[in-house]
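Sequential numbering from 1 along the given sequence is applied to the chain's residues.
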Amino acid sequence: MDTSLLARARQCFLAEADPAVQAEATGRFDRHAPRLLHWLTALYGRQPMFDAWLLSLCTTLGTLARARPPALRELDRERERDPDWFIHEKRVGYCAYVDRFGGDLNGVADRVDYLENLGVGYLHLLPFLRARSGDSDGGFAVASFEEVEPALGSMGDLERLAARLREARISLCADLVLNHVADQHPWALAATQGDQHYRSYFYLFSDRRVPNRYEQTVAQIFPQTAPGNFTHNDVLRSWVWTTFYPYQWDLNYAYPPVFASIASALLQLANRGVEIFRLDSAPFLWKRLGTSCTNLPEVHQILSALRAMVDLVAPGVLLKAEAIVASTDLLPYLGVGETLGSECHLAYHSGLMAASWTALSEGRTTLLRQLLDSTPPLPAHTGWMTYVRCHDDIVWGVLRSDVEAAGDDFTQRIGAAAAFLEGRRPGSFGHGVAFQSADGHAVHGTNGMASALVGLDSAGNAVALRRFALMYGLAFAVGTVPLLYMGDELAQPNNEADEDAALIALDSRWVQRPRLDLARLQQQLDPSTIAGKANAAIKALIAARHDPAFDPQASVETLACDNEALLAIRRGERFMAVFNFSDKPQSVDWSRLHAGDGWTTLLQTADDAGDDTGMLPAWAMVWRKKP
């Protein structure tokens, strides 16, 4: 550690600090700045002018810290005193597009009461920053980090929405797209105009020689609609690295100003009231020839530096890793080894989601149990975000290593699961849609709303409703922060709106991006409707999680029950649950599970599911507790 550089950085950060918060700012710097300096030195310490760049960054961080509004400073203090606030408050998340949920940001504010009554404590609004005109990958091609998409409102509207949500104890989560910006972003436009500084923000190659070498080891995200990882730009006369779509240019984090620019964008949004950042495309942030260019050590150094910076300036903010990777690569995003406790607070457990859909399609829980058994304990002050559906596809590739570890052929086994959920196998109840899976041979992803995948949209009967509750029940039982996807609480079917037909034809992920169904919204309390039944099932799960017997900080343990159709789990000393993933009743030996005498039913999804006969109906589940 260069103590002289640290001392100069301290002076830059604390310059012009208000005497009233000088001691607080000094304490935070002394706690977190050494970590920040460590990671930035590891990333950039050998580059020319590193010291000057670091001091400039610390001056900017100090300015942003002083600009933090009083209400958010108080929230920072509250959460510093209780770093597990998001865990023990047993928060349930809700994810939605602004326009499809409320029309605009003000319309979302008008629906805060709805979210509060549902029991939501965390609202993830999908991309609302100004996106490129034309195709924008659902808003993930960001053209400005400093403007809201005009049709959705203004930064003032965002600040007012954030304040309204804080009143309701709902934390606002926003996407921060880390890997790329739109080709219409000012950085990209400056690069196109020949600015050498901004050309260094991107990966540019004069010919295909180096790109061809990278392509030998780098996977394709959209092999059908956007094959390859490089796009030729005629104005630049260069090949640009474009991992996702041709209009999304990958950022070069080996160039220090990129980190500083993204850090500033994050903290400016935090000062407007964003409390949680979904770090989109986190695994792709560093490139190295001969590798997959995902999950590289430098990725974790970047995320650890961002975490140290957040702890320094806005410690009430959470970072959530969007790392849709194999389970073996997932835990590092929460911190292991040198980054233990100093990376992200939350990470999506995408493997659990995909394995649960596999279990539903197969009628057996072997892969699900295998995945849970291989999931290591969480580092302190971190948690899994568990979910059933989201705006993206079910990415089957996250299960490849688990399937192969079980001795099975990935394409054959997961291909069968995908075919079942997509209604291409006898006896299937699913109405999903294949994604980027050519000719039925390649297995990439499956799209569809939860109700469509479980057959609830067409059946609407008690059995289909049990499948719906089963999937959400597992996510709620296993997760630290379970996430509801907009419309699922009303059992909305796949999107077939005429206005979205062109979008769906281009990208089938739009089948799970419908507008909130206002007719179903009016039926939310009517138990005779599908919407009312689904809403009641979700509210029952939320209420059950708030029972004192449920401990979200306890680890999840699978229990032996000698029945592949069943999954039995225990969480702590006072909570356990059994799930039947098959289409037939299954016998449950409660005494063997040590959940007999003294245990009572906390939640059940069939009238006779929790009785002492030991029979669990098809697709039913039971949660039990011990006083």
Colleague: For His124 together with Tyr94, are the ring centres under 6.0 Å from each other?
Modeller: no
Colleague: Would you say that Leu161 contacts Leu105 through its side chain, given a criterion of any heavy-atom pair below 4.5 Å between the two side chains?
Modeller: yes
Colleague: With side-chain contact (heavy atoms from CB on, under 4.5 Å) as the test, would you mind laying out the steps for Asn179 and Asp280 before giving the verdict?
Modeller: CA-CA 7 Å; Asn179 180 68; Asp280 180 74; 5.9 Å; no
Colleague: Minimum heavy-atom separation for Val299 and Trp286, please, with both atom names.
Modeller: CG2-N, 3.9 Å
Colleague: Assess the side chains of Trp249 and Thr242: does a donor N or O sit below 3.5 Å from an acceptor N or O?
Modeller: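 Note: Trp249 and Thr242 side chains miss the donor-acceptor criterion.
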Colleague: Could you check whether any side-chain heavy atom of Thr446 comes within less than 4.5 Å of a side-chain heavy atom of Leu453, counting everything from C-beta outward?
Modeller: yes
Colleague: Any chance you could measure Leu334, atom CG, to Thr382, atom OG1, to the nearest 0.5 Å?
Modeller: 4.5 Å
Colleague: Mind telling me whether His349 and Trp384 have parallel, tilted or perpendicular rings, with 30° and 60° as the class edges?
Modeller: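 Tilted: the ring planes of Trp384 and His349 meet at 30° to 60°.
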Colleague: Do Thr291 side-chain atoms and Lys287 backbone N/O form a donor-acceptor pair below 3.5 Å?
Modeller: no
Colleague: Is it the case that more than 12 heavy atoms not belonging to Gln412 sit under 6.0 Å from its CD atom?
Modeller: no
Colleague: Test side-chain contact (heavy atoms from CB on, under 4.5 Å) on Thr231 and Asp183 and set out the steps.
Modeller: CA-CA 11 Å; Thr231 300; Asp183 56 2; over 6 Å; no
Colleague: At what distance, to the nearest 0.5 angstrom, does CG of Leu129 lie from CG of Leu152?
Modeller: 9.5 Å
Colleague: I'd like to know if Arg132 and Asp137 make a salt bridge, using a cut-off of under 4.0 Å between side-chain N and carboxylate O.
Modeller: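 Looking at Arg132 and Asp137, the cut-off is not met.
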Colleague: Regarding Asp402 and Arg400, does a basic nitrogen lie under 4.0 Å from an acidic carboxylate oxygen?
Modeller: no
Colleague: I want to check something: taking the side chain as every heavy atom from C-beta on, are Leu178 and Leu303 in contact at a cut-off of under 4.5 Å?
Modeller: yes
Colleague: Would you say Gln47 and Pro256 make side-chain contact, with heavy atoms under 4.5 Å?
Modeller: yes
Colleague: Could you walk me through whether Asn233 and Ser238 satisfy the side chain to side chain donor-acceptor pair (under 3.5 Å) test, starting with their C-alpha distance in whole Å, then the side-chain angles of each, then the deciding distance to 0.1 Å, before giving a yes or no?
Modeller: CA-CA 6 Å; Asn233 183 280; Ser238 298; over 6 Å; no
Colleague: Is there a donor in the side chain of Asn447 and an acceptor in the side chain of Gln512, or the other way round, less than 3.5 Å apart?
Modeller: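 Gln512 and Asn447 do have a side-chain donor-acceptor pair below 3.5 Å.
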Colleague: Any side-chain to backbone donor/acceptor pair from Gln301 onto Trp39? Under 3.5 Å, distance only.
Modeller: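 No; zero donor-acceptor contacts below 3.5 Å.
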Colleague: Any side-chain heavy atom of Trp187 sitting closer than 4.5 Å to one from Phe145?
Modeller: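 Yes, their side chains come closer than 4.5 Å.
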Colleague: Determine, using ring centers only, whether Tyr255 and Phe202 are less than 6.0 Å apart.
Modeller: no
Colleague: So which atom in Pro379 and which in Gly335 form the shortest heavy-atom distance, rounded to 0.1 Å?
Modeller: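 Heavy-atom minimum between the residues: CG-O, 3.3 Å.
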Colleague: Does any non-hydrogen side-chain atom of Pro223 lie less than 4.5 Å from one of His444?
Modeller: yes
Colleague: Testing the 3.5 Å rule here: is there a donor-acceptor pair between the side chains of Gln268 and Ser264?
Modeller: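 Looking only at side-chain atoms, Ser264 and Gln268 do form a donor-acceptor pair, the distance falling under 3.5 Å.
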Colleague: Enter the distance from Met486:CE to Gln492:CD here, rounded to the nearest 0.5 Å.
Modeller: 5.5 Å
Colleague: Could you walk me through whether Tyr122 and Glu275 satisfy the side chain to side chain donor-acceptor pair (under 3.5 Å) test, starting with their C-alpha distance in whole Å, then the side-chain angles of each, then the deciding distance to 0.1 Å, before giving a yes or no?
Modeller: CA-CA 9 Å; Tyr122 168 124; Glu275 297 180 24; over 6 Å; no
Colleague: Determine whether Glu362 and Arg413 satisfy the following criterion, salt bridge (charged side-chain N to carboxylate O under 4.0 Å, His left out), listing intermediate values before the conclusion.
Modeller: CA-CA 9 Å; Glu362 294 180 337; Arg413 183 173 183 183; 2.8 Å; yes
Colleague: Contact between Arg520 and Pro493 at the side-chain level, heavy atoms closer than 4.5 Å - yes or no?
Modeller: yes
Colleague: How long is the span from the CD atom in Gln248 to the CG atom in Asp135, to the nearest 0.5 Å?
Modeller: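 The CD atom of Gln248 sits 10.0 Å away from the CG atom of Asp135.
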Colleague: In this structure, is the centre-to-centre distance between the rings of Tyr97 and Phe101 below 6.0 Å?
Modeller: no
Colleague: Can you spot which of Arg515, Arg513, Arg100 makes a salt bridge (Lys or Arg N to Asp or Glu O under 4.0 Å) with Asp500?
Modeller: Arg100
Colleague: Among Val317, Leu318, Val310, Leu306, which one satisfies side-chain contact (heavy atoms from CB on, under 4.5 Å) with Phe277?
Modeller: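 When side-chain contact (heavy atoms from CB on, under 4.5 Å) is applied between Phe277 and each of Val317, Leu318, Val310, Leu306, only Val317 qualifies.
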Colleague: Counting C-beta onward and ignoring hydrogens, is there a side-chain heavy-atom pair between Leu319 and Leu266 closer than 4.5 Å?
Modeller: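 When only atoms from C-beta onward are counted, Leu266 and Leu319 do touch, with a gap below 4.5 Å.
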Colleague: Quiz question: by atom type and distance under 3.5 Å, do the side chains of Arg91 and Ser171 form a donor-acceptor pair?
Modeller: yes
Colleague: Heavy-atom count around Arg425 CZ within 6.0 Å, excluding the residue itself: above 12?
Modeller: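 Not buried by this count: 12 neighbours or fewer within 6.0 Å.
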Colleague: Please report the shortest heavy-atom distance between Asn494 and Met449, naming the atom on each side.
Modeller: OD1-N, 2.8 Å
Colleague: Are Tyr203 and Trp241 close enough that their ring centres sit under 6.0 Å apart?
Modeller: yes
Colleague: Measuring from Gln224:CD to Phe435:CZ, what's the distance to the nearest 0.5 Å?
Modeller: 8.5 Å
Colleague: Does Arg389 count as lying over the ring of Tyr485, i.e. NZ or CZ under 6.0 Å from the six-ring centre, within 45 degrees of the axis?
Modeller: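 That pair does not qualify as a cation-pi contact.
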Colleague: Closest heavy-atom contact between Ser428 and Gly423?
Modeller: OG-CA, 3.4 Å
Colleague: What pair of heavy atoms forms the shortest contact from Ala450 to Asp488, and how long is it?
Modeller: CB-OD2, 3.5 Å
Colleague: Taking all non-hydrogen atoms of both residues into account, name the closest pair between Thr386 and Gly479 and its distance.
Modeller: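 Distance-wise, the nearest heavy atoms are OG1-CA, 3.1 Å.
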Colleague: Taking the six-membered ring of Phe581 as reference, does the cationic atom of Arg364 (NZ for Lys, CZ for Arg) lie under 6.0 Å from its centre and within 45° of its axis?
Modeller: no
Colleague: With a 6.0 Å cut-off on ring centres, are Tyr253 and Phe259 close enough?
Modeller: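 No - the distance between ring centres of Tyr253 and Phe259 does not fall below the 6.0 Å cut-off.
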Colleague: Checking Ser133 against Gln184 for the side chain to side chain donor-acceptor pair (under 3.5 Å) test, could you report, in this order, the C-alpha distance in whole Å, the side-chain angles of both residues, the deciding distance, and whether it holds?
Modeller: CA-CA 8 Å; Ser133 58; Gln184 297 172 5; 3.2 Å; yes
Colleague: Find the distance between CD (Glu322) and CG (Asp175) and round it off to the nearest 0.5 Å.
Modeller: 8.0 Å
Colleague: Might you work through the side-chain contact (heavy atoms from CB on, under 4.5 Å) test for Val403 and Leu367, ending with a clear yes or no?
Modeller: CA-CA 7 Å; Val403 170; Leu367 187 63; 4.0 Å; yes
Colleague: Would a distance-only check, ignoring hydrogens and angles, find a side-chain to backbone donor-acceptor pair under 3.5 Å from Asn252 to Ala254?
Modeller: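 Side chain of Asn252 to backbone of Ala254: a pair is present.
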Colleague: Show your reasoning for whether side-chain contact (heavy atoms from CB on, under 4.5 Å) applies to Val481 and Val92.
Modeller: CA-CA 6 Å; Val481 181; Val92 172; over 6 Å; no
Colleague: Do the side chain of Thr365 and the main chain of Leu368 share a donor and acceptor less than 3.5 angstrom apart?
Modeller: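 Such a contact is absent between Thr365 side chain and Leu368 backbone.
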Colleague: Consider only side-chain N and O atoms of Tyr201 and Ser261, and report whether a donor and an acceptor are under 3.5 Å apart.
Modeller: yes
Colleague: Among side-chain atoms of Asp234 and His232, is any donor-acceptor pair under 3.5 angstrom?
Modeller: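 Side chains of Asp234 and His232: pair found under 3.5 Å.
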Colleague: Apply the test ring pair (Phe, Tyr, Trp, His ring centres under 6.0 Å) to residues Tyr245 and Phe140: give CA-CA distance (whole Å), side-chain angles for both, the deciding distance (0.1 Å), then the verdict.
Modeller: CA-CA 10 Å; Tyr245 282 105; Phe140 283 94; over 10 Å; no
Colleague: Has Arg288 got more than 12 heavy atoms of other residues, nucleotides or ligands less than 6.0 Å from its CZ?
Modeller: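 Check passes, neighbour count above 12.
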